[in-house]
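All figures in this text were calculated on a predicted structure; none of them were measured in a lab. Note that ligands are numbered from 1 as they come in the structure, with each ligand's atoms numbered from 1 the same way.
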Amino acid sequence: MEGDNIMKKLLIGTNTKMYKGIAHTISFLEELGELTNDIRHSIELFVIPSFTTLDQAVRVAGKYNIRIGAQNVAWENEGPFTGEVSPVMLSEVGVDIAEIAHSERRQIFGETDSMANSKVQASICNNLTALLCIGETKQEKDGRIADAVLKKQIEEGLNGIKPEDAANIWIAYEPVWAIGEKGEPATSQYAEDRHAYIRQTLESLLGHNIIPILYGGSVNHMNAAKLIREPHIDGLFVGRSAWDAHNFNRIIRDVLPIWQEKTK
Ligand code: PGA
């Protein structure tokens with residue numbers, strides 16, 4: 001990784017989407033915590049489970065130093081917003097990451113860059129780490145406008161963010177065409193090129209490059225090591241391949257030595 005070397009720990013996590021109720025989330029966290037016990041000091045591990053599990057998940061994850069995130073957040077602290085969960089409420093439960101504008105939120109629920117921006121601002125104000133997800137669709141990739149799309153998502157998503165707020169922001173680059181069962185993982189070179197572009201865009205916007213940029217989209221044990229070797233990929237955001245604790249542990253152990261070599 002270029003620039004300041006403050007991201008020494010391997011940043012890796014999973015969003016369990018609308019899978020795993022309370023019992024499964026707790027057993028997953030316990031298993032993952034035990035399996036990664038010996039490398040805990042070298043990894044920044046995070047899990048983003050369903051809302052209904054958060055209270056209990058935070059308690060269990062605390063024992064293992066696993067950070068817990070929410071899959072969405074409202075942009076107001078309180079008010080007449082039926083069905084929304086405010087950043088204050090998330091903080092109260094002990095959540096410390098808010099995932100914002102995952103491609104499923106954008107594609108299925110119509111979230112816009114301006115909504116993402118309000119959510120980033122609200123998260124930062126409440127001391128949550130804002131994990132802003134960006135990524136182009138297949139059509140945009142084929143139309144060769146991926147970088148323009150990413151630039152817009154960054155500039156609008158982080159509009160009004162002060163350089164000093166960057167310490168509370170992570171970016172996940174997740175090309176829409178790479179996500180899910182029908183997804184095709186990006187090649188490490190394609191991902192690296194986008195990450196380099198994202199880094200450059202963040203630098204011109206904020207004047208520095210301390211925001212970690214994670215890659216997500218069909219990460220698995222076959223491609224994880226290759227991806228993390230790339231200079232501008234600072235971490236991995238894993239879906240399906242992480243939902244079994246043993247598989248996830250395997251991926252973490254595959255990439256950790258490569259990460260350590262890269263950042264030493
Ligand atoms: P996937 O999901 O790894 O199952 O493709 C990634 C994501 O949606 O974050």
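For the residue pair Glu136 and Trp177, a side-chain donor N or O sits within less than 3.5 Å of a side-chain acceptor on the partner.
In this structure, atom 3 (O) of ligand 1 lies nearest to the protein heavy atom Gly239 N, 2.9 Å. Atom 4 (O) of ligand 1 has its closest protein heavy atom at Arg240 NE, 2.6 Å. With hydrogens left out, the protein atom closest to atom 9 (O) of ligand 1 is Glu174 OE2, 2.6 Å, a heavy atom.
Within the structure, ligand 1 has Gly180 among the residues with a heavy atom less than 4.0 angstrom away. At least one heavy atom of His102 sits less than 4.0 Å from an atom of ligand 1.
Each of Leu205, Ile154, Leu202 was checked for a side-chain contact (heavy atoms from CB on, under 4.5 Å) with Ile211, and the lone residue meeting it is Leu202. With respect to Ile252, the side-chain contact (heavy atoms from CB on, under 4.5 Å) criterion is satisfied by exactly one of Ile12, Val238, Leu35, Leu236: Ile12. Screening Leu214, Asn209, Ile213, Leu11 for a side-chain contact (heavy atoms from CB on, under 4.5 Å) involving Asp234 leaves a single residue, Ile213.
Tyr197 does not carry Arg194 over the face of its six-membered ring by the limits of under 6.0 Å from the centre and within 45° of the normal.
Between Thr53 and Lys20, the shortest heavy-atom distance links the atoms CG2-O, 4.0 Å.
Residue contacts with ligand 1: Glu104 is placed with no nitrogen or oxygen under 3.5 Å of a nitrogen or oxygen of the ligand (distance criterion only). Residue Ser218 has at least one N or O atom closer than 3.5 Å to an N or O atom of ligand 1. Polar contact check, Gly217 against ligand 1: no nitrogen or oxygen pair lies under 3.5 Å apart.
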